[in-house]
Amino acid sequence: MGISIVSKEVVRPSSLDVHLLKPFKISLLDQLTPTTFSPLILFYPMRNTHLKGTQISTQLKESLSKTLDPLYPFAARVRENLIINDYDEGVPYIETRVNTHLFEFLQNPPMELLDQCLPYAPFSYQPNPDQVPHAAVQLNTFDCGGIALGLCLSHKFIDGATASACHEAVTSKNLSEASIIFPPQNPSPNHHLSVMEKIWFREAKSKTRRFVFDAKAIASLRSECKGERVPNPTRIEALSAFILKSAMLASRSTANSRFVLHQAVNLRRLTEPRLSTYTVGNLFLFASAAYNMEHAAEMGLHELVARMKQAVGSINREYLKTLHGDESFPKVCEYIKQIEEVSTHKNLNAIISSSWLEFGFNEVDFGWGNPIWSGISGEFGSFRNVTIFKEIGSADYDNAVEAWVTLDEKIMSVLEHDPQFLAFASPNPSIII
């Protein structure tokens with residue numbers, strides 16, 4: 001099973017009017033976000049379409065070119081960590097052939113080959129942001145005619161919610177809202193950006209594994225997480241607590257003495273006025289909770305969830321009001337300092353947690369129907385330990401949740417063979433049952 005490149009080109013906006021557009025201001029939160037690529041791979045069997053080979057490619061390129069007209073910043077490049085300009089730089093577009101059938105690929109998704117379906121290395125630190133495209137596309141065609149559409153989106157101003165809005169009705173207002181509420185700093189706050197880079201990236205060997213939790217396992221874990229302070233835990237709270245505790249127990253043979261969980265909190269619902277679901281930009285903050293290893297074995301899941309909820313609850317409407325407007329920078333600096341202090345403890349293991357459950361990636365229809373599955377990546381580059389939750393999308397796994405977990409190599413080697421963990425988590429099961 002191999003993937004070979006057929007062609008490379010650049011797709012640009014279809015309208016010539018992009019040359020007349022003013023530079024696009026990124027927000028303060030964008031300025032403080034490191035440059036890396038978030039990946040997504042959409043798998044389509046292409047059974048219900050008359051389109052073949054070059055027709056699929058032509059339609060996709062035309063659709064992409066038209067999409068870049070309203071989403072013109074996606075075709076540009078960042079300049080001096082302040083603005084986005086040069087809208088005709090375009091989006092790299094790659095075509096490949098995969099010498100196997102799609103359904104064979106999905107029987108046991110080969111994690112080591114997923115990255116080859118992507119145009120760039122996912123979640124790797126990009127040291128030259130001025131040269132990095134904000135989007136890139138790779139069309140992978142299988143022997144059977146099925147396709148895998150590999151997308152890489154720059155996290156510089158595209159978070160998960162922004163990515164999910166790409167196929168929706170994004171307006172010019174959605175593009176400018178973030179920089180109005182969180183005005184950028186000029187000159188760029190490069191010192192604070194470097195702090196965030198240290199929090200996001202590290203030089204350590206890690207492993208990424210895909211686990212599926214079915215509805216029965218989720219219900220059981222939610223029941224175990226119930227407590228006086230958390231009478232009705234969500235499925236993500238239950239899964240986050242279970243994975244965190246399992247990782248803590250798996251790390252007992254290491255020098256780690258403390259774990260920190262950074263949960264990404266979407267700010268769009270918390271701002272006043274409330275932002276649109278389609279507002280473009282990095283509109284999230286980390287809610288951080290620390291846990292000492294010495295109490296890992298005795299700590300119940302309900303205690304872990306209670307501490308998570310307390311951290312998330314601190315990022316509320318009242319707190320966000322202090323971060324709005326031209327005078328917000330000192331408060332944002334305080335937030336970064338707090339994240340830095342909790343993340344630089346000796347013998348610390350930090351995990352970033354993000355939920356993609358509401359982003360609708362399994363419903364992205366380019367005229368070929370919904371994807372049969374959406375994957376993320378085989379390895380998470382130099383990114384810190386991270387867990388991403390998403391819907392599996394297959395009718396064979398009703399109400400199941402996928403967890404893409406990246407941990408230190410030694411910790412993952414223990415976790416993926418832990419019978420107590422595997423009693424709830426299925427490791428990389430087939431997409432097709």
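Ser179 and Ser27 share no side-chain donor-acceptor pair at under 3.5 Å. Of the N and O atoms on the side chains of Asn282 and Asp30, at least one donor lies less than 3.5 Å from an acceptor on the other residue. Between the side chains of Thr36 and His155, no donor-acceptor pair is found at a separation under 3.5 Å. A donor-acceptor pair shorter than 3.5 Å can be found between the side chains of Trp373 and Glu402. There is a side-chain donor-acceptor pair under 3.5 Å between Asn362 and Ser374. No side-chain N or O of Ser206 forms a donor-acceptor pair with one of Asp408 less than 3.5 Å apart. Side-chain contact of Arg202 with Asn385: a donor-acceptor pair under 3.5 Å is present, judged by distance alone.
In this structure, the separation between CD on Glu363 and CG on Asp365 is 10.0 Å, given to the nearest 0.5 Å. Separation of atoms OG (Ser413) and CG (Leu407) is listed at 10.0 Å; rounding is to 0.5 Å. To the nearest 0.5 Å, atom OG1 of residue Thr100 and atom CD1 of residue Ile3 are 10.0 Å apart. Considering CG of Leu244 and CE of Met299, their distance stands at 8.5 Å, rounded to 0.5 Å. Taking CG of Asp130 as the start and CG of Asp86 as the end, the distance is 9.5 Å to the nearest 0.5 Å. In this structure, CD1 in Ile243 is found 12.0 Å from CG in Leu304, a value given to the nearest 0.5 Å.
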Quick one, Phe105 with Phe43, criterion ring pair (Phe, Tyr, Trp, His ring centres under 6.0 Å). Give me CA distance, side-chain angles, the key distance, then yes/no.
CA-CA 10 Å; Phe105 190 93; Phe43 293 84; 5.7 Å; yes
Test log, rule side chain to side chain donor-acceptor pair (under 3.5 Å), inputs Asn81 and Lys156:
CA-CA 9 Å; Asn81 199 31; Lys156 189 60 196 171; 2.8 Å; yes
Do Phe157 and Phe74 pass the ring pair (Phe, Tyr, Trp, His ring centres under 6.0 Å) test, and can you show the C-alpha distance, the side-chain angles, and the key distance before you say yes or no?
CA-CA 9 Å; Phe157 85 110; Phe74 285 58; 5.4 Å; yes
Using the rule given for side chain to side chain contact (heavy atoms under 4.5 Å, CB included), can you reason through Lys309 versus Val230, listing the C-alpha separation, both sets of side-chain angles and the distance that settles it, and then say yes or no?
CA-CA 8 Å; Lys309 288 186 75 73; Val230 189; 3.8 Å; yes
Please report the C-alpha distance between Phe424 and Phe242 in whole Å, then the side-chain angles of each, then the deciding distance to 0.1 Å, and finally whether the ring pair (Phe, Tyr, Trp, His ring centres under 6.0 Å) criterion is met.
CA-CA 9 Å; Phe424 296 91; Phe242 176 67; 5.1 Å; yes
Stepwise side chain to side chain donor-acceptor pair (under 3.5 Å) check, Asn128 with Gln126:
CA-CA 6 Å; Asn128 301 305; Gln126 301 292 329; over 6 Å; no
Run Ile94 and Val137 through side chain to side chain contact (heavy atoms under 4.5 Å, CB included) and show every step you take.
CA-CA 6 Å; Ile94 301 170; Val137 177; over 6 Å; no
Could you go through the side chain to side chain donor-acceptor pair (under 3.5 Å) check for Thr279 and Asn174 one step at a time?
CA-CA 4 Å; Thr279 299; Asn174 300 146; 4.5 Å; no
Test side chain to side chain contact (heavy atoms under 4.5 Å, CB included) on Leu29 and Leu285; report intermediate values, then the result.
CA-CA 9 Å; Leu29 299 184; Leu285 294 176; 4.2 Å; yes
What do the steps show when you test Arg317 against Leu320 for side chain to side chain contact (heavy atoms under 4.5 Å, CB included), and what is the final call?
CA-CA 5 Å; Arg317 283 187 171 85; Leu320 280 189; 5.8 Å; no
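Looking only at distances, a side-chain donor or acceptor of Asn140 sits under 3.5 Å from a matching main-chain atom of Cys117. A donor-acceptor pair under 3.5 Å is absent between the side-chain atoms of Ser426 and the main chain of Pro429, judged by distance alone. Between the Asn428 side chain and the Arg209 main chain, no donor and acceptor come within less than 3.5 Å of each other. No donor-acceptor distance shorter than 3.5 angstrom exists from the side chain of Glu341 to the backbone of Gln338, with no hydrogens or angles considered.
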Report, one line per pair, each donor and acceptor closer than 3.5 Å where one atom sits in a side chain of residues 189-200; sequence neighbours left out.
residue: Asn190; atom: OD1; partner: Ser188; partner atom: OG; Å: 2.7
residue: Ser194; atom: OG; partner: His191; partner atom: O; Å: 2.5

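Under the rule for a side chain to side chain contact (heavy atoms under 4.5 Å, CB included), the partners of Arg269 that lie at least two apart in sequence or sit in another chain are Arg274, Glu358.
With salt bridges taken as basic N to acidic carboxylate O contacts below 4.0 Å, none links Asp88 and Arg77. Salt bridge present: Lys207 and Glu416 bring a charged side-chain N and a carboxylate O closer than 4.0 Å. Ion pair Glu318/Lys321 flagged as a salt bridge, since at least one NZ, NE, NH1 or NH2 atom sits closer than 4.0 Å to an Asp/Glu carboxylate oxygen.
With a 6.0 Å radius and a threshold of 12 heavy atoms from other residues, nucleotides or ligands, Glu228 has its CD atom at or below the threshold. Atom NZ of Lys25 has 12 or fewer neighbouring heavy atoms from other residues, nucleotides or ligands inside a 6.0 Å radius. Counting non-hydrogen atoms of other residues, nucleotides and ligands closer than 6.0 Å to CD of Glu9 gives a total above 12. The environment of Gln420 atom CD is sparse: at most 12 non-hydrogen atoms of other residues, nucleotides or ligands sit within 6.0 angstrom. Counted within 6.0 Å of CZ on Arg97, heavy atoms from surrounding residues, nucleotides or ligands total more than 12; the atom is thus considered enclosed.
Under the ring pair (Phe, Tyr, Trp, His ring centres under 6.0 Å) rule, Phe380 has a single partner from Phe37, Phe123, Tyr125, which is Phe123.
In this structure, the ring of Tyr335 has its center no less than 6.0 angstrom from the ring center of Tyr319. Remark: aromatic rings of Tyr72 and Tyr87 are close, center separation under 6.0 Å. Aromatic ring centroids of Phe211 and Phe421 lie under 6.0 Å apart.
Between Trp356 and Phe359, the ring planes lie tilted relative to each other; the angle falls in the 30° to 60° range.
Here the closest non-hydrogen pair linking Arg268 and Thr271 is O-OG1, 3.6 Å.
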